[in-house]
Amino acid sequence: MDYNFQDIEKKWQQRWRERKTYRVVEDENKKKFYVLNMFPYPSGAGLHVGHPLGYIASDIYARYKRQKGFNVLNPMGYDAYGLPAEQYAIQTGQHPEKTTFQNIDRYREQLDKIGFSFDWDREVRTCSPDYYHWTQWAFEKMYDSFFCNKCQKAQPIEKLIEYLNANGTAGLDAAQTEQLDITAQEWQQMDARQQSDVLMNYRIAFLGETMVNWCPKLGTVLANDEVVDGVSVRGGFPVEQKKMRQWCLRVSAYAQRLLDGLDTIEWSESIKETQRNWIGRSEGAEVEFKVADSDLAFTIFTTRADTMFGVTFMVLAPESELVQKVTTDAQREEVEKYLAYVKGRTERERQIDHKITGVFSGSYAINPFTGEKNPIWISEYVLAGYGTGAIMAVPAHDSRDYAFAKHFGLPIVPLIEGADVSEESYDAKEGIVCNSPAEGKDPYCDLVLNGLTVKEAIQATKEFVEKQKLGRVKVNYRLRDAIFSRQRYWGEPFPVYYKDGVPQMIPEDCLPLMLPEVENFLPTETGEPPLGNAQIWAWDETQRKVVDKALIDNKTIFPIELYTMPGFAGSSAYYLRYMDPHNDKALVDKKVDEYWQNVDLYVGGSEHATGHLIYSRFWNKFLYDYGYSCKEEPFQKLINQGMIQGRSNFVYRIKDSNTFVSYGLKDKYDTTPIHVDVNIVSNDVLDIEAFKAWRPEYADAQFELENGNYICGWAVEKMSKSMFNVVNPDYIVERYGADTLRLYEMFLGPISQSKPWDSNGIDGCFRFLRKVWGLFYSRDGQLLPTDSEPSKDSLKSIHKLIQKVSQDIENFSYKTAISAFMICVGELAQQKCTSKAVLEPLVELLAPFAPHLCEELWEVLGHKDSVCDAPWPEVNEEYLKEDTETLSISFNGKTRFTMDFAPDASKEDIEKTVMEADSTARYTDGKQIVKVIVVPHRIVNIVLK
RNA sequence: GCGCUUGUGGCGAAAUUGGUAGACGCGCCAGACUUAGGAUCUGGUGACUCAGGUCGUGUAGGUUCGAGUCCUAUCAGGCGCACCA
């Protein structure tokens, strides 16, 4: 009987649905295991074979863990807010919700065909109100919090208010936008609006006047990780810098904890490193410089405190507020000209060409270490957003300062013994310091650095700075606060209304604030975001509900926020919601959260390293501070699946003709390569009839063949519609079955590596499953399994397999596990094994990989329950033992001969026997054996003299 | 520039603490069965070769009885950050 995968798969998918095989409930008697995939954005194109890669990998692991006796949570849902649906809505007027739901249905249909063990009762959609209820709730919590630097955690804003009432900002150590200096009395005398502004400076979700990445084409702001090379990731439109009042999240407050947490989780080194880079911690010192002949002073940040004596000029960022203050009248005209030039340069231009530009301000700063006057320059090479927006320039030991100094003819003073700075700066942080003043010689300070190493000098200078109160030791981070507003329709609305311009949160018990209906998804004529088109969009404080905005009276009825939240809002805590998706009292019940804890295994692409994977760690840490999440890190182990690229096929048309030549003959003619749909090519052989039918213009095409076949050329490219290289999983499922697809995707190569989709090997996986089938049914449909005693050989084969597969799954080496299956099944077939005692563990082991087939075979073996609850077989070492062990005897790294030993022969026995063996002399040219080394893997090495 | 990472047959790739390099699959070759087929099954398949062997894991050294694996240098590809002081 043939392996009829179509019937089998249909049958079991239906049973799983009916029996709710994959439903999971909290069970205190079982250990939990939480497996999660990054949930997909349901795009209109549907799934291609790249999408399920990670899902299959995690599904195998989930099923394995379940058989191991764990209570496994393996949920799936949709990241349903997103730009494409909105763009489509703008073009067609179709509501994004409709498009999104259609796409979700399509995804679901495709996913169901692959046989995943998802618990669909736990599905979440970020766009559904009972989900975004908790996104809004978290936002309100962040609004009502500040970050205490001393205790390194979020605290209720009331605590801050209490503190301000008692002390003002004196001694306050909280994460803040800018340093404020307010006395308790001043605070108490402020009106509501002023107090609101002060609190904004500390809130974790806050309104900030910040430079944002504004994308005019998309009509919205973008987060830093949504901009690459000065253009938007989505669409590739130019992005410019613009100052806007925006909602922001104080992610930077958590920089240190985000960094420290990396040491506690099992992620790949490369992705941890990417996050460390993005956080960009640097230790240094802030030093205050006074401006000569004025009351002004400013602070610079440096990581090279040891170079204080090599400062020859200062540089301010053009955007710095100090620029106007330090510019002298004589220089004003030139400075203004320069500022205008900088303003005209786009972010992109600044990133691409690093032109050396700048202007002298006319003022001088006094080096607190030497009393020397250093000219203050203004240049775009100093960034406003990093450190203090001002630097001390040490041209001898910083290449950028060096280039600037050379360009403008400023002095260069080397400070390290033997450093030659005539051609380039000496940037390395090593060597012995010189040129600092000798002891007692300097009227300004008695710091002696000469003779110290750079590292020692940095330390000594930092201590000196702290002691003399010239500044302070400071840690700086590159990580910026996240901009949290988007000028779009299709996103979570902010639960915020404005009373006299002061933001107010909609009461927690009135959430969710539902996304209003609009007629038009474009910005309004007055330039408001799309929500400006909503008519029913005002908050009535007395009725506590949303009302028509015509009623706004600014007494009890107020306008609601028009911005919506960005894409990462909904994806930042979804893993918590899966634990308790139908709870309408809390994001997740405390008890339930304590059961599931956090995600044990998270699978997804590495492209989210500086986006989602930072934001959700931040979000979770915030919730953790309040005890809403019981684990500080959301994702314990992370596996990054590689991207599946497309493998395009080409046909070669002779120029100005309708004749196509096979790949091997193309060089004989002048040909043009043309992309051909990979779905009508198999093993690079073109299906000529299908090709003729593909496009009307090819209907009467002529072909020049090689050995009777038309061979296509190929190339690895991005999988995309325009290259005709998109392989749809439905097609593979139809032709080979879901189990073959699952097996083959895992057989393609290591999960974490990017690789092209290449259907050339899929037959091998299909053949393997058919061989498995062949162990159960003979060709004429007879059932083969019997209760007979298994042979020693077959027991050995299967126990070897148990050992190997168990190890490989734990290491995510699915490919080698499948190889082991192939070997074992080959051996069992050869042994004509029919014993249930062997076939049963085989089915148990294979079930995570090929669940449909194994359910069927499990039933064939007489079981009534589902194979997912079958126990994971245990290896019995007894069966693995050999009767005799053949040892290879080698010297000089080569095997020379072999000898047989009992498997439990001792090392000494082996040494003795080899030493005395007659055959030895034949191979050793009469040389004497001086040493016999017994090593694992049946190898004995002898040393000759 | 800094950081991370990967280099093994025609291809995708295996290889426990250093221990028979190339498992397994694809492709290719040969054979079987066949009223040629993109079917199935069996065997072979790193390269040279005087047929005994020799050489082979990007390159060059080193440690070792023994190196894909460890060390040093170097080359090439991929990814991330990048005027971050």
Side-chain angles (χ1 to χ4, degrees), chain A residues 228 268-282 284 300-304 307 315 317 350-351 353-356 379-383 385-394 397-401 403-404 427 476-480 606-607 609-610 640 642 681-687 708-709 714 743-744 747-750 752-756 758-765 767-768 770-771 779 804 807-808 811 813 815-823 826 886-895 898 930-944:
Chain A
V228 171
S268 73
E269 205 42 53
S270 70
I271 209 146
K272 283 190 191 178
E273 205 52 38
T274 303
Q275 291 211 342
R276 288 193 191 106
N277 263 330
W278 191 258
I279 296 166
R281 183 183 205 270
S282 63
I300 58 91
F301 174 76
T302 180
T303 55
R304 292 294 302 272
T307 59
V315 190
R350 266 175 90 159
Q351 268 179 22
D353 77 307
H354 297 163
K355 267 195 242 164
I356 302 168
S379 172
E380 59 178 334
Y381 89 87
V382 173
L383 305 175
Y386 186 76
T388 60
I391 63 151
M392 62 178 212
V394 185
H397 302 295
D398 182 288
S399 49
R400 297 152 302 176
D401 297 346
F404 194 82
D427 289 18
N476 237 319
Y477 300 92
R478 202 190 71 94
L479 185 69
R480 301 266 69 95
S606 56
E607 67 272 19
T610 55
N640 295 114
V681 178
S682 180
N683 288 1
D684 290 334
V685 176
L686 181 71
D687 181 337
N709 285 325
W714 59 276
L743 228 48
Y744 185 60
F747 199 72
L748 222 45
S752 52
Q753 232 159 77
S754 284
K755 58 235 156 186
D758 175 355
S759 54
N760 284 352
I762 201 159
D763 292 309
C765 288
R767 270 199 282 271
F768 160 70
R770 207 163 41 197
K771 270 186 198 163
R779 289 206 178 187
K804 179 83 177 130
Q807 267 172 22
D808 284 346
N811 298 328
S813 310
K815 179 166 182 168
T816 51
I818 295 167
S819 296
F821 275 116
M822 289 172 170
I823 296 168
T886 305
L887 300 189
S888 313
I889 318 295
S890 66
F891 58 88
N892 289 349
K894 284 276 172 264
T895 300
T898 61
V930 291
K931 203 164 132 200
V932 176
I933 303 159
V934 180
V935 293
H937 295 262
R938 288 185 244 146
I939 290 167
V940 177
N941 215 306
I942 57 182
V943 185
L944 301 172

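So you know, we letter chains A, B, ... as the sequences are listed, proteins then strands, and number each from 1. Remember, it's a predicted structure, so these values are computed and weren't measured experimentally.
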Is A:Val315 touching bases, backbone alone, or none of the nucleic acid, heavy atoms closer than 4.0 Å?
nothing
If anything within 90° of 0 is syn and all else is anti, what is B:rG9?
syn
Need one value for A:Lys355: base, sugar-phosphate or nothing, where a base atom within 4.0 Å counts as base even if backbone is also close, heavy atoms only.
base
Over all strands shown, is A:Pro756 touching base, sugar-phosphate only, or nothing at heavy-atom distances under 4.0 angstrom?
nothing
A:Arg304 (side chain) donor-acceptor with A:Val394 (main chain) under 3.5 angstrom
no
Considering only B:rA23, B:rC81, B:rC4, which nucleotide approaches the side chain of A:Glu269 most closely?
B:rC4
Pick the closest RNA chain B nucleotide for A:Gly387 and for A:Ile271 by heavy atoms, then say which residue is nearer the 5' end.
A:Ile271
Do A:Asp808 and A:Lys804 meet the salt-bridge criterion of a basic N to acidic O distance under 4.0 Å?
yes
Residues that A:Phe768 engages under ring-ring contact (aromatic ring centres under 6.0 Å, His included), provided they are two or more places apart:
none
Looking at every non-hydrogen atom in both residues, tell me the closest pair between A:Ala390 and A:Val382 and how far apart they are.
N-CG1, 4.2 Å
Do the ring planes of A:Tyr381 and A:Phe404 sit parallel (below 30°), tilted (30 to 60°) or perpendicular (above 60°)?
tilted
To the nearest Å, give me how far apart CD (A:Glu273) and P (B:rG3) are.
10 Å
Need one value for A:Arg767: base, sugar-phosphate or nothing, where a base atom within 4.0 Å counts as base even if backbone is also close, heavy atoms only.
sugar-phosphate
What contact category does A:Leu383 fall into here, base, sugar-phosphate, or nothing, at under 4.0 angstrom with non-hydrogen atoms?
base
Quick check on B:rU40: is either OP1 or OP2 less than 4.0 Å from any side-chain nitrogen or oxygen of A:Arg779?
no
Given the C1' atoms of B:rC11 and B:rA82, what is the spacing between them in whole Å?
37 Å
At what distance, to the nearest 0.5 angstrom, does NZ of A:Lys272 lie from OG of A:Ser270?
10.5 Å
OP1 or OP2 of B:rA85 less than 4.0 angstrom from a side-chain nitrogen or oxygen of A:Ser282, does that happen here?
yes
Base, sugar-phosphate, or nothing for A:Leu748, non-hydrogen atoms under 4.0 angstrom?
sugar-phosphate
Output the single nucleotide from B:rG25, B:rC81, B:rC83 whose closest atom is nearest the side chain of A:Met822.
B:rG25
Quantified in whole Å, what is the P atom distance between nucleotide B:rA67 and nucleotide B:rU57?
11 Å
Sugar-phosphate, base or nothing in reach of A:Arg480, heavy atoms under 4.0 Å
nothing
What is the distance, to the nearest angstrom, from the CD1 atom on A:Ile279 to the C1' atom on B:rA82?
17 Å
Return the 5'-most residue of the pair A:Ile356, A:Ala820 with respect to RNA chain B, ranking by each residue's nearest nucleotide.
A:Ala820
Below the 4.0 Å mark, does B:rA85 have OP1 or OP2 next to a side-chain nitrogen or oxygen of A:Tyr386?
yes
Send over the distance from A:Ile391 CD1 to B:rA85 P, rounded to a whole Å.
11 Å
If every non-hydrogen atom of A:Asp401 is compared with every non-hydrogen atom of A:Met392, which pair is closest and at what distance?
OD2-O, 4.0 Å
From the list B:rC24, B:rA13, B:rC81, which nucleotide is the closest neighbour of the side chain of A:Pro750?
B:rA13
Would you kindly give the OH-to-P distance between A:Tyr744 and B:rA13, to the nearest whole Å?
11 Å
For A:Arg478 and B:rG80, what is the distance between atoms CZ and C1' respectively, to the nearest whole Å?
10 Å
Minimum-distance nucleotide (side-chain atoms of A:Thr274 versus B:rG80, B:rC24, B:rA13)
B:rG80
Expressed in whole Å, how much space separates the C1' atoms belonging to B:rA47 and B:rG38?
32 Å
When all nucleic acid strands are considered with a 4.0 Å heavy-atom cut-off, which category describes A:Arg281: base, sugar-phosphate, or nothing?
nothing
Donor-acceptor check, side chain of A:Asn811 to backbone of A:Gln807, threshold 3.5 angstrom: yes or no?
yes
Taking any heavy-atom pair under 4.0 Å as a contact, classify A:Gln807: base, sugar-phosphate, or nothing.
nothing
Rounded to whole angstrom units, what separation is found between the CD1 atom of A:Ile762 and the C1' atom of B:rC11?
17 Å
Taking the C1' atom of each, how far is B:rU59 from B:rG25, in whole Å?
31 Å
Decide yes or no, distance alone: a donor-acceptor N/O pair under 3.5 angstrom between the base of B:rG25 and the side-chain of A:Lys815.
no
To check you understand the geometry: which heavy-atom pair defines the closest contact between A:Ala609 and A:Ile271, and what is its length?
CB-CG1, 3.5 Å
Can you tell me how far C1' in B:rG10 sits from the matching atom in B:rC29, rounded to whole Å?
13 Å
Quick one: closest heavy-atom pair of A:Glu380 and A:Lys355, and the distance?
OE2-O, 4.3 Å
For RNA chain B, produce a single dot-bracket line, 5' to 3'. Pairs: Watson-Crick or G-U wobble, both distances under 3.5 Å. Symbols: ( ) within strand, [ ] crossing, | other strand, . unpaired.
(((((((..(((......[....)))((((((.......))))))(((....)))..(((((..]....))))))))))))....
Taking the C1' atom in each of B:rU64 and B:rG44, what is the distance between them to the nearest angstrom?
37 Å
Could you give the distance separating B:rA21 and B:rU34 at their C1' atoms, to the nearest angstrom?
40 Å
Under 4.0 Å between any heavy atoms, over every strand shown, what does A:Ser270 touch: base, sugar-phosphate, or nothing? Just pick one.
sugar-phosphate
Between P of B:rG12 and CZ of A:Phe747, the distance in whole Å:
14 Å
Separation of atom CD in A:Gln275 from atom C1' in B:rU5, rounded to whole Å:
17 Å
If I pick the P atom on B:rA30 and the same atom on B:rA76, what distance separates them, to the nearest angstrom?
42 Å
